[in-house]
Number of protein chains: 2
Amino acid sequence: MTSQENLRPKSIDLSHHLNTLSRSRVPSPLKDIIKYMREPGMISLAGGLPHPSLFPYHSLRVDVYTPDTLDGHGQPSDASTGLTLHSEKYGDRDRTGTDISTGLQYTTSKGSERLSSFLQKFTKDVLRPGFTDFEILLNFGNTDAWSKVVSLLCEQGDYILVEEHTYPSSQALWAPMGCRGAPVQMDKDGIIPQALEQVLGGWNEAVKGGKRPRLLYLIPVAQNPTGATLTLERKKAIYDICVKYDVVICEDDPYYFLQLPAYLPPEQRAVRIATEMTPEELLEFLVPTFLHLDWQGRVIRLETFSKTLGPGNRLGYFICNPIFAERLQRASEVMTQAPAGWSQIIVEELLCTWGQEGFLRWVTGLRDSYTVRRDWMCDSLVEFFDVVSAPEGLAADVIAYPKGRISAGKTAPVFSFSYPKGGMFLWIKLDLSQNPVYQRMKANGEANAEQKWADEFWMSMIRAKVLLVPGSYYTPILSNDQRMKQDGAVAYFRLAYSLESREDIHVGIQRMARTFDESWEFRKVHLECQ
Amino acid sequence: MTSQENLRPKSIDLSHHLNTLSRSRVPSPLKDIIKYMREPGMISLAGGLPHPSLFPYHSLRVDVYTPDTLDGHGQPSDASTGLTLHSEKYGDRDRTGTDISTGLQYTTSKGSERLSSFLQKFTKDVLRPGFTDFEILLNFGNTDAWSKVVSLLCEQGDYILVEEHTYPSSQALWAPMGCRGAPVQMDKDGIIPQALEQVLGGWNEAVKGGKRPRLLYLIPVAQNPTGATLTLERKKAIYDICVKYDVVICEDDPYYFLQLPAYLPPEQRAVRIATEMTPEELLEFLVPTFLHLDWQGRVIRLETFSKTLGPGNRLGYFICNPIFAERLQRASEVMTQAPAGWSQIIVEELLCTWGQEGFLRWVTGLRDSYTVRRDWMCDSLVEFFDVVSAPEGLAADVIAYPKGRISAGKTAPVFSFSYPKGGMFLWIKLDLSQNPVYQRMKANGEANAEQKWADEFWMSMIRAKVLLVPGSYYTPILSNDQRMKQDGAVAYFRLAYSLESREDIHVGIQRMARTFDESWEFRKVHLECQ
């Protein structure tokens with residue numbers, strides 16, 4: 001391995017991807033000031049910094065769990081509080097540890113060096129990027145990060161490659177800027193390499209009214225909304241295509257450490273999830289990242305603590321080539337400055353206290369907890385629907401029939417889905433072909449019957465007091481006033497198992513099942529059978 | 001007053017100021033989801049929120065000073081720790097106070113309702129906006145805020161009205177976007193209303209190659225870099241001109257509460273600064289804001305806690321009309337989300353613990369502390385230079401001569417300045433006309449001699465181990481590759497008194513004085529005199 005590591009190349013020059021805005025940014029002149037401020041004996045009357053003695057905070061104390069607190073049973077008890085992070089104002093500058101005065105002062109837009117060093121080493125050891133000169137740049141989490149990536153690379157009118165069902169906030173950023181989505185077909189394992197090749201290879205500028213896309217945005221693991229996780233083979237194939245067509249990959253990967261073991265029905269799985277996976281075993285289990293496969297530096301990886309340490313930290317970081325990192329730092333100087341000091345102090349102290357291995361043990365526990373939650377939802381689906389394996393070629397693991405109707409032999413399935421292999425979401429694809437309401441809409445010649453049906457069905461679920469997210473929220477935007485059309489008699493919904501209790505998930509799926517029965521007009525029949 | 005308050009109007013519709021980008025933003029569809037999530041009995045499988053029990057934090061404790069800690073003597077002692085902010089994970093939702101689980105969870109981009117309500121009331125009571133339907137929207141501080149204002153209003157090629165010496169980071173944002181600065185002349189009291197009228201009234205689209213500016217960016221109090229504070233009369237006149245020409249005012253006002261009493265030489269002032277100003281007296285003393293004068297809703301006020309509670313909070317808020325606030329919220333959804341949870345929790349707890357009056361007492365103490373620091377610097381200038389009142393008509397309070405040379409009668413002044421009436425900065429304007437180095441440069445026909453001289457002088461100060469900020473950093477950008485030319489044989493430097501100790505300020509000014517002597521070639525003479 002070491003010899004392989006030594007063979008890793010430096011990143012190539014991809015500066016031709018930078019947009020006009022990004023090229024035009026100039027370094028802050030204050031860089032010179034900072035350089036001279038550090039000279040020994042210098043008296044600086046330059047920096048416009050408020051005096052840190054005048055911050056009203058004396059000390060900060062955060063009690064945190066130990067990395068081994070999570071045992072996969074949902075939530076830790078108070079008794080498991082184990083560590084205290086402490087930070088205060090230090091008079092003398094030689095004192096090690098985190099100093100509130102420093103943490104709350106203006107810094108360069110790079111933020112804490114100690115935190116960045118930890119993350120640099122973590123990235124090197126754990127993610128093992130395919131190129132050597134990767135850099136770390138802190139940001140405010142992936143919303144901020146994506147906004148900065150678009151401001152780095154995209155021009156008005158540009159096409160951006162997106163997944164067939166894509167994260168709405170990412171589109172809501174670029175659509176008003178006049179960018180356009182170029183959707184890539186997905187199946188249960190995420191976007192299909194051949195489909196990507198088709199989009200890029202068959203690109204016709206005249207027809208499309210725009211250049212071939214040069215940016216691919218994707219969530220490779222436990223995708224939002226579909227829950228799909230790309231296999232290593234797919235990642236390799238997608239990466240090669242991106243090299244071929246000179247496409248930059250923005251790897252938005254908040255669920256990377258939440259890759260879950262395959263779902264097994266209750267009777268087939270052990271009484272409780274084992275929490276004894278070692279950090280080494282976890283890393284062995286995780287599908288390597290695009291960053292790991294990247295020998296050119298064309299991946300901009302977005303890392304966030306939102307799913308591992310809480311969204312309110314508003315803390316994440318870019319991992320990318322030095323040219324992009326430098327331009328992203330220029331953007332940070334004028335768009336945001338460095339992330340919030342409190343978040344930096346607390347996360348830095350936490351990570352340096354836990355250490356690299358401790359953090360990996362923490363995410364192993366998290367993974368167990370979300371496995372339990374995933375199983376709660378899948379168990380409920382199996383309980384309230386008749387779930388059978390999908391035939392070969394269907395883009396799903398299983399098909400769900402109304403409960404007790406499959407044996408009748410004449411009932412069509414109502415939806416298909418795959419057991420999530422990661423993250424927080426389960427995605428269902430409804431087959432409307434046998435739905436009587438839909439059939440009547442089609443018979444009446446309703447325009448856009450699928451959407452109309454989905455809206456009505458969603459409202460009937462709300463009346464039954466169960467709330468899902470309509471799949472239409474995730475439909476790619478082709479241009480500012482046009483969305484991609486879904487083919488066929490289908491509708492989609494996203495279910496999250498991350499937040500509600502076991503009982504609520506159980507009752508929620510039961511309510512959903514009843515709404516299916518009603519819409520498919522099984523209700524009466526079902527009552528008669530009882 | 002109450003009847004006057006009742007007469008305040010609602011804001012007028014200024015939506016014609018919104019740029020294409022901002023108009024094109026659409027509300028997040030998740031708004032609907034949130035609406036239904038709040039229905040009683042609803043089981044939500046919709047929100048993709050991580051489970052708050054899985055955040056690794058158990059409790060947060062911050063020890064803070066009492067509002068009366070600062071007695072104007074530089075820094076509080078440890079003994080003055082007085083309050084403990086406590087926040088933990090609460091199982092039951094009825095518990096009042098700040099809950100870490102809520103604070104660290106995803107929220108709407110508006111952030112904490114409790115914090116926003118506090119600030120809404122604070123704004124109403126303390127700043128008393130001139131229109132009734134003002135709104136509060138949290139942001140990450142004024143860098144983020146200004147970035148969002150520009151993304152709200154400005155198109156490529158637009159001119160933006162700026163002060164003759166302007167804050168560099170604000171320009172570094174818009175210049176790469178292809179916007180251009182339209183400078184407005186300043187004197188010791190900030191921008192001159194007649195100069196603003198001249199720029200706007202005399203605007204010639206054909207000559208300028210662009211539309212008349214519709215956005216004025218300014219720092220009205222203790223301006224960065226000049227330290228100038230606009231008088232109430234000027235604010236009124238400027239506001240009226242902005243109404244006349246339909247200009248939106250972006251009031252970037254971080255030093256508002258740091259308006260200081262007039263400088264008096266040591267012998268003329270009391271032994272120590274009185275800290276007994278009541279909140280009422282403070283508010284009486286402060287020059288009212290543009291927001292207060294604004295009866296139309298054309299002011300976007302940027303409030304930040306950077307100078308009052310520490311920059312690392314990365315927390316501030318917009319105060320503006322509802323149409324702008326709604327569009328700024330749309331921008332926040334895709335650019336940043338809500339500010340960091342830690343900052344919100346801590347600042348919310350602090351403000352709600354101190355209360356409105358406590359916060360005003362805190363800033364009164366801050367003001368005293370910066371008054372002391374301002375006096376340290378002014379005292380040193382008076383000690384190491386011969387400082388005399390400036391003649392009528394000069395844009396400065398005083399003129400500085402080399403020490404001990406004024407009596408010779410043949411020495412020209414070396415710089416002029418005004419005693420800061422607020423904030424953290426003192427701005428000096430050097431008169432190069434009698435400087436021998438400059439004279440030689442001019443005699444040799446050097447192009448751009450003033451800039452060349454200033455660069456060399458700055459480096460000689462650095463060699464003497466005193467660091468100032470060159471005034472050229474603040475020169476308005478007219479277009480991406482062109483800066484405003486300064487008239488005459490002048491150079492500018494900014495000195496900050498906010499950070500260094502009394503002794504360092506004293507020694508720093510002494511070193512600066514020596515460098516002046518050397519550059520003006522007084523050194524030898526001076527030695528001979530001894």
Side-chain angles (χ1 to χ4, degrees), chain A residues 21 24-25 29 36 41-46 48-51 53-65 75 81 103-104 106 140 143-144 147 169 172-173 176 307 310-312 314 334-337 340-343 366 369 424 462 465-469 473 495-496 498-499 504 508, chain B residues 21 24-25 29 36 41-46 48-51 53-65 75 81 103-104 106 140 143-144 147 169 172-173 176 307 310-312 314 334-337 340-343 366 369 424 462 465-469 473 495-496 498-499 504 508:
Chain A
L21 174 66
S24 308
R25 294 196 198 281
Y36 290 120
M42 182 67 74
I43 292 177
S44 172
L45 305 178
L49 308 178
H51 199 276
S53 74
L54 304 177
F55 304 157
Y57 314 102
H58 174 265
S59 62
L60 166 76
R61 186 189 142 120
V62 183
D63 290 324
V64 296
Y65 301 125
Q75 62 188 64
T81 313
L104 284 197
Y106 285 114
F140 287 82
T143 301
D144 172 52
S147 159
S169 296
L173 178 83
K307 305 304 190 289
R314 291 292 82 211
V334 295
M335 290 174 76
T336 54
Q337 301 195 25
W342 294 117
S343 304
L366 267 189
S369 295
M424 307 184 167
I462 287 169
K465 296 289 180 193
V466 58
L467 189 64
L468 275 53
V469 184
Y473 286 13
L495 290 72
S498 52
L499 193 66
D504 278 354
Chain B
L21 174 66
S24 308
R25 295 195 198 282
Y36 291 120
M42 182 66 74
I43 291 177
S44 171
L45 306 177
L49 308 179
H51 200 276
S53 74
L54 305 177
F55 304 157
Y57 314 101
H58 174 267
S59 62
L60 165 76
R61 186 191 142 119
V62 182
D63 290 325
V64 295
Y65 301 125
Q75 63 189 63
T81 312
L104 285 195
Y106 286 113
F140 287 83
T143 302
D144 172 52
S147 160
S169 297
L173 177 84
K307 304 304 188 291
R314 292 291 83 214
V334 295
M335 290 175 76
T336 53
Q337 301 194 26
W342 294 117
S343 305
L366 267 187
S369 296
M424 308 185 168
I462 287 170
K465 296 288 182 195
V466 58
L467 189 64
L468 274 53
V469 184
Y473 286 13
L495 289 74
S498 51
L499 192 66
D504 278 354

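Small disclaimer: the values here were computed from a predicted structure and weren't measured. Just so we're on the same page: letters track the sequence lines, and every chain starts at 1.
- Atom CZ of B:R25 is separated from atom CG of A:L173 by 7.0 Å, given to the nearest 0.5 angstrom.
- For the side chain to side chain contact (heavy atoms under 4.5 Å, CB included) criterion with B:L45, the lone passing option out of A:D504, A:V466, A:V469 is A:V466.
- Note: A:I43 CD1 to B:K465 NZ = 10.5 Å, rounded to the nearest 0.5 Å.
- When the candidates A:M424, A:Q337, A:K307 are compared by the number of heavy-atom contacts under 4.5 Å with chain B, A:Q337 comes out ahead.
- Residues that satisfy the side-chain contact (heavy atoms from CB on, under 4.5 Å) test with B:A496, not counting sequence neighbours, are B:F425, B:S498.
- Put simply, the side chain of A:Y57 reaches to within 4.5 Å of the side chain of B:V62, judged on heavy atoms.
- Listed options B:P311, B:G48, B:G341 were ranked by heavy-atom pairs under 4.5 angstrom with chain A; first place goes to B:P311.
- Residues A:V334 and B:S169 come closest through the heavy atom pair CG1-O, 3.8 Å.
- Counting heavy atoms from C-beta on, the side chains of A:I462 and B:M42 come closer than 4.5 Å.
- Smallest separation of non-hydrogen atoms from B:S343 and A:W342: OG-CD1, 3.6 Å.
- A:L499 meets the side-chain contact (heavy atoms from CB on, under 4.5 Å) test with B:L49, B:H51, B:P52, B:Q105; sequence neighbours excluded.
- Residue B:Y106 holds its OH atom at 6.0 Å from CZ of A:R314, rounded to the nearest 0.5 Å.
- The choice from B:L21, B:L468, B:L104 that makes the most heavy-atom pairs within less than 4.5 Å of chain A is B:L104.
- Of the listed residues B:G508, B:P176, B:G41, the one with more heavy-atom pairs under 4.5 angstrom with chain A than any other is B:P176.
- With a 4.5 Å cut-off on non-hydrogen atoms, B:M335 touches chain A through its backbone and its side chain both.
- Here the shortest heavy-atom pairing between B:S53 and A:Y65 reads O-CE1, 4.4 Å.
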